[in-house]
Amino acid sequence: MKLITDFRNSELSRRLLEKIEEETTSEFKYSIMEVCGTHTVSIFKYGIRSVLPENVELISGPGCPVCVTSQGEIDAIFQIVKNNDVSLLTFGDLMKVPGSSGENLINLRSEGKDVRVMLSPLDAVKTAAREPDREFVFVGIGFETTAPAIASAVLEAKNMGLSNFSILPYCKTMPEVLGYLLDDPKLDINGFLCPGHVSVVTGKEIFQPLAQKGKAAVITGFEPLDILSSILQIIRQVNSGDFCVYNNYSRVVSDNGNRKAVQIMDTVFEPCSAVWRGLGELEDSGLGLKKEFSFFNSLEKFNVKVPQVSEKKGCRCGDVLKGYIKPNLCPLFSLQCNPENPVGPCMVSSEGACAAYYKFN
């Protein structure tokens, strides 16, 4: 058994950095995108960007589920809470995300609306079961990591016969956005640090299109040795031109993923189009409730349509999520957009690139 401190060993980190220095070549610029927001935070936390060779660039991608939730989806939450006597259940990351009018869920709670932070979707079901005379809406945001737990909550609510529980089905999936990035001629990426949390559920197969299109793909964890050894693996793939999906997080991720979790997800959800903040509508990139579970769809239950809403003027959140720019190049960064006065979710989510740049820079 290894302890977490084993993956933070400074001597091994130094040796890995020496190997990275040794194996990089001036022939290439190594542009590596960390898709997952937790990777972005870890990279900043351990100062990894600052010790890499100049021609090894780490670029943050659209791997924060709250960050890619469209403004229209956010505004639909406010519509339901304002216009109905409901209790809203949500993960904590969403509390400070502003609606189009600038208010957030903390503001609504201070005005007397019942807004509660949940630690898990199943906790939300238990809460609804304890208070059968109140209507509960759970905000179901996440990637494949969270979708099985949200699906389990829907199944549990159905098995319990709960009529006072529904969800906002805002989950999104990773393969389609990766395809979007691959097809973007403006984005010159030659390697991807693939998300460890998503891979626990999906396995490595969903990343095969990256290798097939000549991109290095390495599934990795979140400790310094995980990330540094994965960067070295990407450099070696780029140098050799022999691209594959490499599982560098095998202590947690199996190549086939968690088939039971996938089965639960597929029982409740089906692919649907979804609008991603700053990216637009991507076909089959969302998870909608199947017809037999439509009773648990809050949008249908309260007759709310997700509005089409433009991004705030001046906000370059979309360019950050696409990897076009670093957050500090957005004209609103820091002065007009900061954790106390956020313009968008990238500045307040714990996995948001803008929040990480603000905190660690």
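The figures here come from the full heavy-atom set of this structure, side chains too, leaving out hydrogens, waters and symmetry mates. Source: prediction; values computed, not measured.
- D93 and S349 share a side-chain donor-acceptor pair at under 3.5 Å.
- A heavy-atom distance below 4.5 Å is not found between the side chains of L105 and R109.
- When the salt bridge (charged side-chain N to carboxylate O under 4.0 Å, His left out) test is applied to E340, the partners found at least two apart in sequence or on another chain are K96.
- Qualifying salt bridge (charged side-chain N to carboxylate O under 4.0 Å, His left out) partners for R49, counting only residues two or more places apart in sequence or in other chains: E34.
- Annotation for C36 and P195: closest pair CB-CB, 3.7 Å, computed over non-hydrogen atoms.
- The aromatic rings of W276 and F143 lie parallel to each other, with less than 30° between the two planes, well short of the 60° mark.
- Of all the heavy atoms in G221 and I227, the pair that sits closest is O-CG1, 3.8 Å.
- Checking D75 against Q71 by side-chain atom types alone, a donor-acceptor pair falls below 3.5 Å.
- A salt bridge does not link D319 to K186: none of the charged side-chain nitrogens sits closer than 4.0 Å to a carboxylate oxygen.
- Closest of all the heavy-atom pairs between N247 and S254 is ND2-C, 4.3 Å.
- Residues E18 and R15 are not paired through a salt bridge, judged by the lack of any N-O separation under 4.0 Å between the basic side chain and the carboxylate.
- Judged as a side-chain hydrogen bond (donor to acceptor under 3.5 Å, both in side chains), and not counting sequence neighbours, the contacts of T127 are R130.
- The salt bridge (charged side-chain N to carboxylate O under 4.0 Å, His left out) test applied to D188 returns no partner, not counting sequence neighbours.
- Judged by a 6.0 Å distance limit and a 45° cone about the ring axis, K158 is not positioned over the six-membered ring of F296.
- Taking the six-membered ring where tryptophan is involved, the planes of F44 and Y357 are perpendicular, since the angle between them exceeds 60° and thus also 30°.
- By the 4.5 Å heavy-atom criterion applied to side chains, H39 and F222 are counted as neighbours.
- Using a 3.5 Å distance cut-off with no hydrogens or angles, the side chains of R8 and Y46 do pair a donor with an acceptor.
- A search for salt bridge (charged side-chain N to carboxylate O under 4.0 Å, His left out) contacts involving K29 returns E57, not counting sequence neighbours.
- L168 has its side chain within reach of L299: a pair of non-hydrogen atoms, C-beta onward, lies under 4.5 Å apart.
- Between F295 and F165, the gap from one ring centroid to the other reaches at least 6.0 Å.
- Counting Ile, Leu, Val, Met, Phe, Trp and Tyr side chains that sit under 4.5 Å apart, directly or through other members, L122 stands alone, with no cluster partners.
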